[in-house]
Amino acid sequence: MPNGETEPSASGYDAHVIRANGHLQHERVAIIGAGVSGALCAARLAEAGFRVMLLEKAGVGNGSSSRSMAGIRAQFGVEDTVVGMLYSEWFYEHFHEMLATPADQQQPAIRQNGYLFLFDHHDAVDAAPGAAEHWERAQTLAAMQQRVGVPVELLAPDDVADRWPHLATERLIGATWCRSDGFLFPAVIYGEGLRRAEELGAQIHQRSEVIGARAEHDRIVELQTSRGPVQTDWVVNCTNAWAARVSPRLGGMQLPIAPVKRFLYHLDPSPGALAPEVFRSLPMTIYGMGRRLGAHTRPDGAHLNLAGTSQTPPEPEFSDEDQDRVPQQFDHRHGVDNFGFELLADMALYAPSLVESGGLAATTCGYYGMTPDAVPLIGFDAGLSNLVHAAGFSGHGVMHAPITALLVAKLIAGETENGQVRLPPPFDRHTLDLAAFDPSRDFLASSAESAVL
Ligand SMILES: Cc1cc2nc3c(=O)[nH]c(=O)nc-3n(C[C@H](O)[C@H](O)[C@H](O)COP(=O)(O)OP(=O)(O)OC[C@H]3O[C@@H](n4cnc5c(N)ncnc54)[C@H](O)[C@@H]3O)c2cc1C
């Protein structure tokens with residue numbers, strides 16, 4: 001297998017890493033976890049000339065990446081996240097170019113149907129608590145997002161009614177709409193990321209659990225796996241909801257990542273509810289910002305995926321099988337007194353025709369890796385100088401994966417300046433502050449992401 005004597009990439013990105021730091025091309029990176037984060041980190045690091053080995057305890061896509069609603073949006077509250085998501089959206093638009101996918105293997109990685117956040121008028125029946133404040137804040141955030149370059153628009157209720165006549169707009173004060181947001185195809189992302197990484201010489205080992213590590217001074221020199229030892233120069237922890245368990249096994253820091261279960265309901269509207277082309281082009285729609293349940297939907301084939309912010313306790317010791325275990329109170333098959341039907345009731349205030357015409361067909365689930373401020377941990381371990389954590393993505397890991405991979409590669413290549421990372425063209429006027437993602441940050445003082453979903 002080739003071992004890192006790479007050609008500069010077809011896309012040219014990161015070639016400067018090889019030229020500026022020629023010695024790096026022989027260093028070994030072990031990535032733990034084969035979801036979207038691990039796959040895009042593997043491709044990026046292999047592209048940058050590192051010898052990559054990816055270790056996955058089960059099969060590719062064993063974690064949340066195959067259980068996701070997979071939305072992507074640049075409408076966030078923290079400016080660094082907005083910039084990061086602009087980059088991610090661009091990366092996914094240019095996905096096959098970035099990963100040099102053969103023409104006959106190119107499947108879409110993104111569908112840009114947009115994100116539509118609906119805001120209640122404070123006088124509306126059963127208005128969201130604090131509706132007026134939510135709308136005011138949305139306008140401030142939209143101004144920030146526009147300044148950064150997001151094509152977000154503020155819509156009046158009449159504009160919403162014109163574009164989406166099935167929505168009950170009489171209860172709205174307005175909406176924010178961004179046409180470049182949308183949904184992703186995670187299996188294409190991790191499948192193609194790993195294909196590209198292997199093409200560049202990376203080794204992908206499934207059924208290889210990382211169970212320990214041996215360190216010399218403050219550096220890991222060897223990982224212990226269920227298939228034997230692996231020598232390495234760098235380690236990247238891409239295990240998301242497992243990351244807080246994996247880090248201490250490696251001798252790393254305690255990570256404040258809580259595995260919390262989240263549910264996806266599959267709603268089956270009757271074929272007559274909307275014309276097929278209208279249904280297919282529906283945006284991710286968030287039904288009333290500030291509502292306790294945060295109900296939101298997006299089309300997925302003939303179904304609508306419906307999700308919300310459920311309250312479940314952290315499950316730090318969850319098993320792989322637990323990922324698909326739906327507790328009764330969240331399972332649509334156990335009477336109407338459960339979370340799925342609560343979500344439907346909220347959705348019915350805004351999209352009655354979609355709710356009345358169909359029913360819940362299935363409930364699925366997976367884990368969010370939640371951090372205290374809902375911003376991921378991407379950065380060096382506090383104690384081990386060659387261990388990078390890239391985990392704790394709450395409901396945002398698929399959309400984050402391109403920017404995650406970029407930051408991880410820059411950290412390992414030492415391409416940071418005063419704690420900042422400059423984005424590549426066409427975003428090179430932007431830098432990202434690594435402090436915002438530092439695993440050791442002060443969570444009381446950090447800027448919490450508000451629109452978590
Ligand atoms: C219901 C639901 C809806 C979501 N909606 C969205 C959304 O709309 N948009 C969005 O961007 N994100 C969403 N997410 C979140 C997103 O799916 C995750 O953040 C993302 O998939 C995390 O990817 P990852 O590669 O970091 O981790 P994962 O895909 O979880 O992969 C981690 C891997 O690590 C492996 N592993 C663990 N321990 C070890 C070990 N010791 N040795 C080797 N391997 C190990 C696991 O087997 C697993 O394959 C949603 C998640 C859920 C559950």
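Remember, it's 1-based here, ligands and their atoms both numbered in the order they're listed.
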Colleague: Between Asp373 and Arg441, does any side-chain N to carboxylate O distance fall below 4.0 Å?
Modeller: yes

Colleague: Just distances here: any N/O of Gly397 and N/O of ligand 1 closer than 3.5 Å?
Modeller: yes

Colleague: Can you tell me the protein heavy atom closest to atom 9 (N) of ligand 1 and the distance?
Modeller: Gly71 O, 3.0 Å

Colleague: So, Ser247 and Gln254: side-chain donor and acceptor under 3.5 Å apart, yes or no?
Modeller: no

Colleague: Atom 25 (O) of ligand 1: which of Ala307, Ala58, Ser37 has the nearest heavy atom?
Modeller: Ser37

Colleague: Can you confirm if the aromatic rings of His400 and Phe393 lie within a centre distance of less than 6.0 Å?
Modeller: yes

Colleague: Going by the order shown, which atoms of ligand 1 are within less than 4.0 Å of some heavy atom of Ile32?
Modeller: 40 (C), 42 (N), 43 (C), 44 (N)

Colleague: If we only count N/O pairs under 3.5 Å, is Met399 in contact with ligand 1?
Modeller: yes

Colleague: Restricting to non-hydrogen atoms, name the atom on Tyr87 and the atom on Pro424 that form the minimum distance, rounded to 0.1 Å.
Modeller: CE1-CG, 3.9 Å

Colleague: Work out whether the distance between some heavy atom of Arg249 and some atom of ligand 1 is less than 4.0 Å.
Modeller: yes

Colleague: Which atoms from ligand 1 have a heavy atom of Val246 less than 4.0 Å away?
Modeller: 38 (N), 41 (N)

Colleague: Show which atoms of ligand 1 fall inside a sub-4.0 Å distance from at least one heavy-atom site of Gly366.
Modeller: 53 (C)

Colleague: Out of all atoms in ligand 1, which are within 4.0 Å of some heavy atom of Arg67? Include the element for each.
Modeller: 1 (C), 2 (C), 52 (C), 53 (C)

Colleague: Evaluate the side-chain hydrogen bond (donor to acceptor under 3.5 Å, both in side chains) criterion for residues Gln206 and Glu56: first the C-alpha distance (whole Å), next the side-chain angles of each, then the deciding distance (0.1 Å), finally the verdict.
Modeller: CA-CA 5 Å; Gln206 302 185 64; Glu56 163 56 51; over 6 Å; no

Colleague: As an exercise, identify every atom of ligand 1 less than 4.0 angstrom from a heavy atom of Ser208.
Modeller: 43 (C)

Colleague: Does any N/O atom on Lys57 come nearer than 3.5 Å to any N/O atom on ligand 1?
Modeller: yes

Colleague: Which part of Tyr190 is near ligand 1, with near meaning a heavy atom under 4.0 Å away: side chain, backbone, both or neither?
Modeller: neither

Colleague: From the options Ala30, Ser68, Gly33, select the one whose nearest heavy atom is closest to atom 34 (O) of ligand 1.
Modeller: Gly33

Colleague: Identify, with sequence neighbours excluded, every residue that meets side chain to side chain donor-acceptor pair (under 3.5 Å) alongside Asn62.
Modeller: Asp320

Colleague: Kindly indicate, with the supporting measurements, whether the criterion salt bridge (Lys or Arg N to Asp or Glu O under 4.0 Å) is fulfilled by Arg214 and Glu216.
Modeller: CA-CA 7 Å; Arg214 187 166 64 78; Glu216 284 175 8; 3.2 Å; yes

Colleague: Check ligand 1 against Ser394 and write out every atom of the ligand that is under 4.0 Å from a heavy-atom position of the residue.
Modeller: 15 (C), 19 (O)

Colleague: Counting heavy atoms only, which of Gly63, Cys238, Ala241 comes nearest to atom 32 (C) of ligand 1?
Modeller: Cys238

Colleague: At the 4.0 Å heavy-atom cut-off, does Ala401 count as touching ligand 1?
Modeller: no

Colleague: Below 4.0 angstrom from a heavy atom of Gly35, which ligand 1 atoms are there? Numbered from 1 as shown, please.
Modeller: 25 (O), 29 (O), 31 (O)

Colleague: Taking N or O atoms only and a 3.5 Å limit, does Gly395 qualify as a polar contact for ligand 1?
Modeller: yes

Colleague: Using a 4.0 Å cut-off to any heavy atom of Leu55, which atoms of ligand 1 qualify?
Modeller: 43 (C), 44 (N)

Colleague: Which distance, rounded to the nearest 0.5 Å, do you find between the CG of Leu282 and the CG of Leu304?
Modeller: 6.5 Å

Colleague: Which pair of non-hydrogen atoms, one from Gln146 and one from Val152, has the smallest distance, and what is that distance?
Modeller: NE2-O, 2.8 Å

Colleague: What heavy-atom pair brings Phe117 and Met289 nearest, and what distance separates the two atoms?
Modeller: CD2-SD, 3.3 Å

Colleague: Is there a side-chain contact between Lys57 and Ile32 (heavy atoms, below 4.5 Å)?
Modeller: no

